[in-house]
**Student:** 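One structure coming up, written as structure tokens, with questions to follow.
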Amino acid sequence: MDLITRRSDLEREQLLEEIRVAALARKQALDSGSRADVEVAESVLNWFLDELADRLRRGTVPGSDTLRGGREDEPLPR
């Protein structure tokens with residue numbers, strides 16, 4: 001991922017992939033025993049999880065476009 005890319009600019013699939021990769025990096029850091037690596041990995045993971053939480057609060061659910069035929073940035077009907 002380009003460091004300049006804002007997390008809100010990530011497509012749904014990219015965001016979910018970044019979360020998966022960050023979780024894997026955290027696990028590897030925990031296995032290595034390096035506290036500094038764990039802190040960095042957790043920071044990155046939290047950054048992406050915050051974006052996912054923001055999208056959910058705004059009413060955009062990852063993968064919802066396939067369920068209702070709409071776009072990801074459209075709010076869910078109430």
Side-chain angles (χ1 to χ4, degrees):
M1 181 183 84
D2 183 356
L3 294 176
I4 297 174
T5 301
R6 293 180 3 179
R7 62 186 181 193
S8 61
D9 292 338
L10 292 173
E11 295 291 325
R12 168 182 37 107
E13 293 84 10
Q14 290 173 309
L15 177 61
L16 296 176
E17 179 63 15
E18 293 295 338
I19 290 170
R20 189 189 71 75
V21 169
L24 180 60
R26 179 185 176 273
K27 181 185 179 311
Q28 290 174 342
L30 285 169
D31 291 344
S32 75
S34 170
R35 183 178 176 144
D37 288 345
V38 170
E39 289 177 5
V40 169
E42 286 179 347
S43 176
V44 171
L45 179 58
N46 287 338
W47 192 68
F48 288 116
L49 289 173
D50 286 344
E51 173 60 22
L52 179 60
D54 289 345
R55 291 182 186 191
L56 290 171
R57 278 192 287 276
R58 289 191 312 260
T60 56
V61 179
S64 63
D65 58 328
T66 59
L67 296 176
R68 60 186 173 86
R71 294 181 359 182
E72 179 184 346
D73 60 346
E74 292 176 346
L76 292 173
R78 302 218 184 255

**Student:** Quick one: pull up CD in Glu51 and CG in Asn46 and give me the separation to the nearest 0.5 Å.
**Tutor:**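 Answer for the CD-CG pair, Glu51 versus Asn46, is 13.5 Å.
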
**Student:** With sequence neighbours left out, what residues match Glu39 under side chain to side chain donor-acceptor pair (under 3.5 Å)?
**Tutor:**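 Here the qualifying residues are Arg35.
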
**Student:** If you look at every heavy atom in Ala22 and Val44, which pair is closest and at what distance?
**Tutor:**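 Of all heavy-atom pairs spanning Ala22 and Val44, the closest is CB-CG1, 4.1 Å.
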
**Student:** Quick check: closest heavy atoms across Leu45 and Ala23, and the distance to 0.1 Å?
**Tutor:**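 Of all heavy-atom pairs spanning Leu45 and Ala23, the closest is CD1-N, 3.9 Å.
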
**Student:** Inspect the contact between Asp54 and Arg58 and indicate whether a charged nitrogen and a carboxylate oxygen are less than 4.0 angstrom apart.
**Tutor:**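 Salt bridge: no.
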
**Student:** Looking only at heavy atoms, what is the nearest atom pair of Arg26 and Glu42, with distance?
**Tutor:**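 Reported closest heavy-atom pair: NE-OE2, 3.0 Å.
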
**Student:** Within this structure, what is the CG-CG distance for the pair Leu49 and Leu56, rounded to the nearest 0.5 Å?
**Tutor:**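 Going from CG on Leu49 over to CG on Leu56, the span is 10.5 Å.
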
**Student:** Treat each ILVMFWY residue as a node, draw an edge where side-chain heavy atoms are under 4.5 Å apart, and state whether Leu15 and Trp47 are in one component.
**Tutor:**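 Yes; tracing contacts between hydrophobic side chains, which count when under 4.5 Å, links both residues.
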
**Student:** Atom CD of Gln14 and atom CD1 of Ile19: how far apart are they, to the nearest 0.5 Å?
**Tutor:**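 Taking CD in Gln14 and CD1 in Ile19, the distance rounds to 12.0 Å.
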
**Student:** Could you tell me which residues satisfy side chain to side chain donor-acceptor pair (under 3.5 Å) with Glu17, sequence neighbours excluded, listed by chain and number?
**Tutor:**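 Glu17 satisfies side chain to side chain donor-acceptor pair (under 3.5 Å) with Arg20 only.
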
